[in-house]
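Reviewing the structure listed below.
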Amino acid sequence: MTPFEQTVHQFLSHLYGPRASEIQRRIGQHIEHFRRASQAPATTQNMAAESGNAPTWSEKDQWVISYGDSIVAEETPPLAVLNEFLQRYLGERISGVHVLPFFPWSSDDGFSVIHYREVNPELGDWEHIRELASHYDVMADLVLNHVSRESLWFVDYLTGSLPGRDYFIEADPETDVSDVIRPRSSPLLVPISTRRGTRHVWATFSEDQIDLNFENPDVLLEFVGILLFYLQQGVRIIRLDAIAFLWKRLGTSCIHLPETHTVVRLLRAIVDEISPGTLIITETNVPHAENISYFGLERLANGAPDEAHMVYQFALPPLLLHTLTRGEATTLQTWLSSLPILPRHCTYLNFTASHDGIGVRPLEGLLPDHERDALLELMHRFGGFVSMRSNPDGSDSPYEINITWFEAMRGTRRGPDPWQIARFLCSQAIMLTLQGIPALYIHTLTGTLNDVEGVERSGRLRSINRRRWQRDELALLLESPSTPTHDVFHALSRLLELRRVEPCFHPNATQRVLPTPPELLAIERGPLSDGRRLLALFNVTDTLLPLDSVGEALEQALSQHVWRALDMQPPGEETALPPYAIRWMVADT
């Protein structure tokens, strides 16, 4: 066996025991078919892999998150509208786009997939995805924990037909599932009428999203084939949706089980072998330590990490909310200082908002409950909602905040104030500064307001941050000076333009948080091999911050090097930072 084949066999033996060889042979058939059919089309500038199959990324990597129809226009496929918008307004300022599920679906705005190998005809077709991939790195969702009850697999289950008959998890409704960690407050076991009578099936997220049974290797093989199909269509980044809940075993929490991690490792091994430069990113909206476990850093002693290339920084958005509405950076500083040093094969995806809400669970162990509750109450005051989840003891607890990021920046704990745009831009600049690859949600770029009408229409709290822009309406706002959309978008565009040409923002450049007073956040990136380094300063308050009391560590850093602005501030000596000021400075030695 080759080293790759030995690795795959090891993973399959863990998952399926004596059936490993048979399943490996079938995976080999998928791989051979992929290789014969075609090489995955080249995407953008990042496709050449580094030595050792390391993923390729650089400071130029800056991504946008969008639904395929976040911007619409009459008689034009929405995917074509999205491509046109990105090229016209952002161009090379971004390198990639996460197109949220673009498949036929029945609920949850795409995350209840009916057909995995089809593009929703209301959005466009695979040619539109390939066209996007010719300009940008495309991230696609592999929604592998669950499937729509309208899928053909579930129809097979209802009728007792192959292959889907054995793809789902049945359980007696009296089964004790109290140990299972839940992301929702809906029942876990859903009654279904089948030809064999009423059966109860596992449904982690909703009664329309039926969990798949990965103990059946045929399910795994289906998704290996789907993953390879996406690569053939030009997709470069594979997002493993809701991966933490993948493997179930009664008597456990059914989250982060060892088998789940093994499936991630298997998928990474496959893409590293057949499509070097492809990235696997895990989506796990859970407490921070659990989240970063998907790097597999505990195996570093045995070589390079072999699990996810990237994980979302789920703790960052709620900590930024706390920092900028509380006016103190101490909690954020402590968390940033605790982040492990990552090998060059791994990095973070940094973001402040996405199609989902702002997760609250990542604050566990980082923020006291009374501070969390104060934050939730403030978001209510700013027009947001809070979604709940069920606990093993039958109680409910906060799961996520539903609000647009622009509205979340409306004020401080004292209430709304005139500093909304400055505070908002400060939040984005902090995110853009941190080690990793930044991703901006389309409604963050456009400073979108809460879509309360969308919530009323859909009955879903998450719709508050899922507005569909009319292309002409959005264009008018972007091109009309002095609208919040214009001001926010063009300021963020300028930040992206500056960031993409600064080598200190390379995802692998080291990061250090300097000890400063709570009102100030100071982050150093670098030094690089040539001695270049970057210093970022942020006033996280709504008051003028004198620079004569910034702390010994920062004073020393400022005095040791000759700093120059990264075109972010007016000329002249400053004695104080204005409210929510952003300062990016570089030094060459």
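Annotation: Trp153 is in aromatic contact with Phe223 [ring centroid separation under 6.0 Å]. In summary, the aromatic rings of Phe314 and His288 are positioned with their centroids too far apart to meet the 6.0 Å limit. Proximity of the aromatic rings of Phe351 and Tyr312 is defined here by a centroid distance below 6.0 angstrom, and this criterion is met. Ring centers of His345 and Phe295: at least 6.0 Å apart, outside the cut-off. In summary, the aromatic rings of Tyr167 and Tyr157 are positioned with their centroids too far apart to meet the 6.0 Å limit. The aromatic ring centroids of Phe111 and Phe205 lie 6.0 Å or more from each other. You'll find the ring centres of Trp126 and Phe102 inside the 6.0 Å limit.
Although no hydrogens or angles enter the test, the distance criterion places a donor-acceptor pair under 3.5 Å between the side chain of Arg182 and the main chain of Thr204. Here the side chain of Asn465 pairs a donor or acceptor atom with the backbone of Ser354 at under 3.5 angstrom. Put simply, the side chain of Thr282 never gets that close to the backbone of Thr284: no donor and acceptor are under 3.5 Å apart. Checked by atom type and distance alone, the side chain of Arg149 pairs as donor or acceptor with a backbone atom of Glu207 at under 3.5 Å. Of the possible polar contacts, one joining the Tyr116 side chain to the Val143 backbone as a donor-acceptor pair under 3.5 Å is found. Under the 3.5 Å distance criterion, the side-chain polar atoms of Arg471 are left unmatched by any main-chain donor or acceptor of Ile71.
From Asn285, atom CG reaches atom CD1 of Ile358 across 11.0 Å, with rounding to the nearest 0.5 Å. The CD1 atom of Ile210 lies 11.0 Å from the CG atom of Asn145; values are rounded to the nearest 0.5 Å. The distance from atom OG1 of Thr175 to atom CH2 of Trp202, rounded to the nearest 0.5 Å, is 8.5 Å. One distance of note links CZ of Arg249 with SG of Cys254; it measures 8.0 Å at 0.5 Å rounding. Between the CD atom of Glu273 and the CD atom of Glu5 there is a distance of 8.5 Å, given to the nearest 0.5 Å.
Electrostatic pairing of Arg25 and Glu22 does not count as a salt bridge here, judged by no charged N lying under 4.0 Å from a carboxylate O. A salt bridge does not link Arg165 with Asp156: every distance from a Lys NZ or Arg NE/NH1/NH2 to an Asp or Glu carboxylate oxygen is 4.0 Å or more. Electrostatic pairing of Asp125 and Arg130 does not count as a salt bridge here, judged by no charged N lying under 4.0 Å from a carboxylate O. Between Arg299 and Asp306 there is a salt bridge, with a side-chain nitrogen of the basic residue lying less than 4.0 Å from a carboxylate oxygen of the acidic one. Salt-bridge check for Asp137 with Arg236: passed, with a basic side-chain N closer than 4.0 Å to an acidic carboxylate O. Using a 4.0 Å cut-off between charged side-chain N and carboxylate O, Glu122 and Arg468 make no salt bridge.
Judged by distance alone, the side chains of Asp176 and Ser178 do bring a donor and an acceptor atom under 3.5 Å apart. No side-chain donor-acceptor contact under 3.5 Å links Thr347 and His309. Side-chain atoms of Ser106 and Ser112 form a donor-acceptor pair, as typed in the model, at a separation below 3.5 Å. Judged by distance alone, the side chains of Gln10 and His14 never bring a donor and an acceptor atom under 3.5 Å apart.
Cation-pi geometry between Arg265 and Phe11 is not met at under 6.0 angstrom from the ring centre and within 45 degrees of the axis.
For Glu74, the CD atom sits in a loose shell: 12 or fewer heavy atoms of surrounding residues, nucleotides or ligands are nearer than 6.0 Å.
Using a 4.5 Å heavy-atom threshold, the side chains of His128 and Leu123 count as separate. Residues Thr404 and Tyr441 fail the side-chain proximity criterion, which asks for heavy atoms closer than 4.5 Å. Counting only heavy atoms from C-beta outward, the side chains of Thr444 and Ile65 never approach each other to under 4.5 Å.
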Legend entry - Stepwise side-chain contact (heavy atoms from CB on, under 4.5 Å) test for Leu449 and Arg467: CA-CA 9 Å; Leu449 302 181; Arg467 176 178 177 173; 5.9 Å; no
